[in-house]
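Heavy atoms only: backbone and side chains are in, while hydrogens, waters and symmetry mates are out. In what follows, residues are counted from 1 in the order of the sequence shown. Because the structure is a prediction, the values reported are computed rather than measured.
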Amino acid sequence: MAGVRRTRLRNSRRGRFSSEDKKGVLVFALGLAILLALAVFALKVVRSPARDFDAVTLCNPHLPRFAQHLVVIDASDTMSAHQVHFLKTHISDLLASAAVNDRFSIFVLDDHYNGLSEPVIDLCKPHSGKEVSALTANQQFVDALYKQRFAQPLDRAIGRAVTGEAQPVSPIYEALSDVAALNHLDPAAQNVHLTIVSDMVQNSRAGSVFKRGSAAIDQLPMIDLRRVRTRVYWLDREKYQRFQTAELEASWEDYLGSISRLERIQRVRN
């Protein structure tokens, strides 16, 4: 009799859950697992290193920085409309080809600084809206951040930098010396590209082309920019034609080639 009771008890326990009940439990467990997975995924997205950037510079210490683009603009004289357009096009091309987290540092030089200014802008390129997934980020927010905190300030900075008036001093050498001495080279950048936008008519205490011609460049002290790839956009100026000679260009080629990795000197017509 006891064995019969135990068998009936087991059968009654099996009968507590119908097939519909079992389906409901399975659906509940599956839903709970999905919610748990979504919570873990959201936590990973929120804590992702890709979202960790400096509020001022937009630089992310957890992402690689393939390049820093240093641009030194000689504001000791005015630029022609063609030269301004050329410079803006060049920087736009740099921006388009740059990777996320690449750094843009723009400076001017004039007699007020007798060398390099404080950065007109110093920002790392953030993601744009089209570069992020709608599943992990608000594309409109990311795009607004890109435009308001990076693209628009960069455009305004270029506009300010190219509106200089004629100055009695053109401290090109001092600006290059400041790049090396004032720690403007980003140690996190795998490559550093320096663009010099100038008429290259050096005129300061260190040396004056007006007084000594190309010999003024030959006598400039050495500085260390060996990890820097340098490119010069040489602004032709009609009033300086007799100073902007082939000899001056050759002297700058020798000097810049000895202190940095000179890529080219390109003339930009007035």
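Atom CE of M79 is separated from atom CZ of R237 by 6.5 Å, given to the nearest 0.5 angstrom. Interatomic distance, CG of L220 versus CG of D254, reported as 12.0 Å (0.5 Å rounding). For the atom pair CE (M200) and OG (S251), the distance works out to 11.0 Å, reported to the nearest 0.5 Å. Rounding to the nearest 0.5 Å places OG of S208 at 8.0 Å from CZ of F243. Rounding to the nearest 0.5 Å places CG of D155 at 13.0 Å from NZ of K147.
For the pair D102 (side chain) and F104 (backbone), a donor-acceptor distance under 3.5 Å is absent. No side-chain donor-acceptor contact under 3.5 Å links Y255 to the backbone of Q219.
In this structure, Y233 and H90 have perpendicular ring planes: the angle between them is above 60°, well past the 30° mark.
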Stepwise side chain to side chain contact (heavy atoms under 4.5 Å, CB included) test for I223 and Y173: CA-CA 9 Å; I223 53 181; Y173 160 76; 4.1 Å; yes
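Residues T195 and H69 form no side-chain contact, since every pair of their non-hydrogen atoms from C-beta on lies 4.5 Å or further apart.
Cluster annotation: F66 and L58 are assigned to distinct hydrophobic clusters (Ile/Leu/Val/Met/Phe/Trp/Tyr, side-chain heavy-atom contacts under 4.5 Å, transitive). If you chain together hydrophobic residues whose side chains sit under 4.5 Å apart, L182 and V108 never meet in one group.
The number of heavy-atom neighbours closer than 6.0 Å to NE2 of H85, taken from other residues, nucleotides and ligands shown, is 12 or below.
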